[in-house]
Amino acid sequence: MKKYILGLFAVAVVSSCVSQQERAMKSADKNVILKAANENFAKKNWKNALALYDRLTNLVAGTDDFPNVGFNTAYANYYEKSYKLAGHQFKNFAVNFPKDPRAEEAAYMSALCYYEGSMDYNLDQSTTETAINELQDFLTNYPNSERSKNISQLVDELSYKLEFKAYENARQYFKMGEYKAANVALENVLEDFPSTKLRPKIYDFIMKSRYELAAKSVYDLKGERIESALAYTRVVEKELPNTEYSKTALDLRTKLEKEKINFAVVKKQNDARIAALTARQKKEAEKTAEKNKTEQQIKDQISNEKKAMQIQRDSAALSTPPPAATFKIQR
């Protein structure tokens with residue numbers, strides 16, 4: 001019997017709430033709507049509260065109720081996890097009502113909304129970057145606020161998300177065998193995030209990228225890349241002593257030293273072949289030049305002989321006198 005009575009009471013309460021919400025939604029009376037909206041807000045009926053606050057925007061504009069409606073609307077959207085909208089509303093409140101006692105809270109909540117709305121690292125991080133800026137702005141504007149105590153922690157958390165995304169993107173190049181691109185991308189992560197907690201892993205992948213690049217390099221770049229990879233193993237040992245990474249560095253350096261010796265043998269053999277080929281080409285070129293020189297001398301000699309003969313003919317023609325004149329007797 002007791003459970004039956006409690007059930008009826010619950011039904012009556014729900015019916016009352018529904019009827020109150022319906023009356024408020026149909027009413028044009030600001031006070032009726034405001035009362036119902038505030039009661040829903042107090043009872044954490046966020047959707048009902050938001051539906052009514054939305055109707056109040058124009059009705060309370062310019063009145064003393066306007067700031068409270070805006071503040072509660074922002075909180076209701078926050079609890080409904082509409083973080084982008086709530087952040088915008090909190091920020092508007094802080095800007096439009098700077099002397100309101102809740103202005104600092106609104107500024108903090110605006111930054112917190114962007115923090116809550118930050119996407120997973122593998123998704124778009126524009127909201128994360130905005131959240132970092134908003135949190136740092138709050139720290140600048142309210143350095144002595146109690147709420148500022150956890151700002152640095154939140155910023156670090158968001159920054160790590162950006163670092164990890166950049167690190168993962170760079171690591172994908174390594175997985176795909178694009179070792180040159182991986183090396184460049186990983187070095188960019190270190191440059192963009194000098195205080196990153198991922199530095200040991202980044203060092204490790206840069207070292208492995210350089211090793212793979214050297215091991216699989218074309219002949220002309222192999223020597224240079226072996227030296228680059230060897231140098232980086234020493235960097236890792238110096239920066240990360242007595243770690244798994246320094247052990248990997250030692251192992252890779254041993255392999256690289258063998259690779260260097262093997263390459264030196266190949267290079268010596270290749271250099272010898274090139275030298276022999278160059279000498280042979282030079283000798284052949286000298287023979288060709290000598291042959292060309294001899295042929296040219298013969299041509300020049302023939303040409304000179306022809307010129308001499310022509311001169312002799314020309315001289316003979318000049319020394320022969322013309323025949324005497326002959327007169328005919330007319331008959």
Side-chain angles (χ1 to χ4, degrees), residues 9-119 126-151 154-155 158:
F9 178 74
V11 171
V13 170
V14 171
S15 299
S16 174
C17 291
V18 171
S19 60
Q20 182 189 36
Q21 180 72 10
E22 288 178 348
R23 286 197 301 272
M25 288 297 292
K26 294 177 181 179
S27 176
D29 189 326
K30 179 194 76 171
N31 294 326
V32 171
I33 302 171
L34 184 59
K35 180 182 178 182
N38 289 339
E39 287 179 0
N40 278 314
F41 184 86
K43 294 175 182 178
K44 300 182 181 181
N45 294 328
W46 311 120
K47 288 184 180 179
N48 288 346
L50 284 169
L52 294 171
Y53 283 136
D54 186 56
R55 296 197 62 214
L56 283 167
T57 303
N58 293 328
L59 295 175
V60 299
T63 70
D64 293 339
D65 294 317
F66 185 70
N68 193 60
V69 168
F71 193 75
N72 286 1
T73 299
Y75 258 116
N77 276 310
Y78 172 78
Y79 289 123
E80 277 294 291
K81 297 183 179 181
S82 297
Y83 298 121
K84 188 173 183 179
L85 177 58
H88 179 71
Q89 291 169 337
F90 277 123
K91 188 167 187 176
N92 281 344
F93 184 93
V95 171
N96 293 327
F97 306 104
K99 295 183 179 180
D100 190 290
R102 297 166 294 183
E104 179 188 318
E105 181 182 355
Y108 174 77
M109 287 303 300
S110 175
L112 189 63
C113 283
Y114 286 107
Y115 165 81
E116 294 288 357
S118 174
M119 308 291 281
S126 57
T127 305
T128 301
E129 294 170 352
T130 302
I132 291 173
N133 292 333
E134 291 291 329
L135 287 166
Q136 290 175 334
D137 284 347
F138 180 83
L139 195 60
T140 300
N141 295 328
Y142 302 96
N144 300 319
S145 171
E146 285 293 317
R147 297 182 176 88
S148 296
K149 292 181 179 179
N150 72 329
I151 294 292
L154 298 181
V155 170
L158 294 172

*Asks:* Once rounded to the nearest 0.5 Å, what's the spacing between atom OH of Tyr83 and atom CE of Met109?
*Replies:*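 Interatomic distance, Tyr83 OH to Met109 CE, rounded to 0.5 Å: 9.0 Å.
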
*Asks:* Taking atom types as modelled, find out whether Tyr75 and Glu105 have a side-chain donor-acceptor pair closer than 3.5 angstrom.
*Replies:*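 A pair is found: one side chain offers a donor N or O, the other an acceptor, under 3.5 Å apart.
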
*Asks:* Nearest 0.5 Å, what's the CD1-OG distance between Ile132 and Ser118?
*Replies:*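 Separation between the atoms: 8.0 Å.
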
*Asks:* Side chains of Glu104 and Ser145: donor-acceptor distance under 3.5 Å anywhere?
*Replies:*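 Result is yes, a qualifying pair exists.
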
*Asks:* With side chains defined as the heavy atoms from C-beta onward, is the minimum distance between Asn68 and Arg102 less than 4.5 Å?
*Replies:*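 Contact flag for Asn68/Arg102 side chains = yes.
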
*Asks:* Once you round to the nearest 0.5 Å, how far does CG of Asn77 lie from CG of Leu85?
*Replies:*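 Answer rounded to 0.5 Å: 4.0 Å.
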
*Asks:* If you define the side chain from C-beta out and look only at heavy atoms, does anything of Lys84 sit under 4.5 Å from Thr127?
*Replies:*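 When only atoms from C-beta onward are counted, Thr127 and Lys84 do not touch, as no gap falls below 4.5 Å.
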
*Asks:* Compare every heavy atom of Glu134 with every heavy atom of Ser110, then report the nearest pair and how far apart it is.
*Replies:*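 Looking at all heavy atoms of both residues, the shortest contact is OG-OE1, 4.1 Å.
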
*Asks:* What's the shortest heavy-atom distance between Ala61 and Phe66, and which atoms?
*Replies:*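 Result for this residue pair: CA-CD1, 3.8 Å.
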
*Asks:* Would you say Tyr53 and Phe41 make side-chain contact, with heavy atoms under 4.5 Å?
*Replies:*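 Sidechains of Phe41 and Tyr53: in contact.
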
*Asks:* Taking all non-hydrogen atoms of both residues, which atom of Cys113 and which atom of Tyr78 are closest, and how far apart?
*Replies:*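 Smallest heavy-atom distance, with atoms named: SG-CD1, 3.6 Å.
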
*Asks:* Given the rule in the side-chain contact (heavy atoms from CB on, under 4.5 Å) test, do Leu135 and Leu158 qualify, once you have shown the distances and angles that lead to the verdict?
*Replies:* CA-CA 10 Å; Leu135 287 166; Leu158 294 172; 3.7 Å; yes

*Asks:* Would you check, one step at a time, whether the test side-chain contact (heavy atoms from CB on, under 4.5 Å) holds for Asn92 with His88?
*Replies:* CA-CA 6 Å; Asn92 281 344; His88 179 71; 3.2 Å; yes

*Asks:* Could you walk me through whether Val32 and Arg23 satisfy the side-chain contact (heavy atoms from CB on, under 4.5 Å) test, starting with their C-alpha distance in whole Å, then the side-chain angles of each, then the deciding distance to 0.1 Å, before giving a yes or no?
*Replies:* CA-CA 8 Å; Val32 171; Arg23 286 197 301 272; 5.6 Å; no

*Asks:* Could you pull out the closest heavy-atom pair between Pro98 and Ala103, with the gap in Å?
*Replies:*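 Taking Pro98 first and Ala103 second, the nearest heavy atoms are O-CB, 3.6 Å.
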
*Asks:* Would you give the length of the straight line joining atom OH of Tyr115 to atom CG of Asn150, rounded to the nearest 0.5 angstrom?
*Replies:*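 Nearest 0.5 Å value for the OH-CG distance: 8.5 Å.
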
*Asks:* Say whether, by atom type as modelled, one donor and one acceptor occur between the side chain of Ser148 and the main chain of Asn144 under 3.5 angstrom.
*Replies:*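 Checking the backbone N and O of Asn144 against the side chain of Ser148, no donor-acceptor pair under 3.5 Å is found.
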
*Asks:* If I take atom OG1 from residue Thr128 and atom CG from residue Asn133, how far apart are they, to the nearest 0.5 angstrom?
*Replies:*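 Interatomic distance, Thr128 OG1 to Asn133 CG, rounded to 0.5 Å: 11.0 Å.
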
*Asks:* Any side-chain heavy-atom pair from Arg147 and Phe138 closer than 4.5 angstrom?
*Replies:*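 A side-chain contact under 4.5 Å exists here.
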
*Asks:* Looking only at heavy atoms, what is the nearest atom pair of Thr73 and Leu50, with distance?
*Replies:*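 Heavy atoms of Thr73 and Leu50 come nearest at O-CD2, 3.7 Å.
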
*Asks:* Look up atom NZ in Lys43 and atom CG in Asn48, then write down how far apart they are to the nearest 0.5 Å.
*Replies:*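 With rounding to 0.5 Å, NZ (Lys43) is 10.0 Å from CG (Asn48).
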
*Asks:* So, for Ala37 and Leu56, which heavy atoms are closest and what is the spacing to 0.1 Å?
*Replies:*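 Heavy-atom minimum between the residues: CB-CD1, 4.2 Å.
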
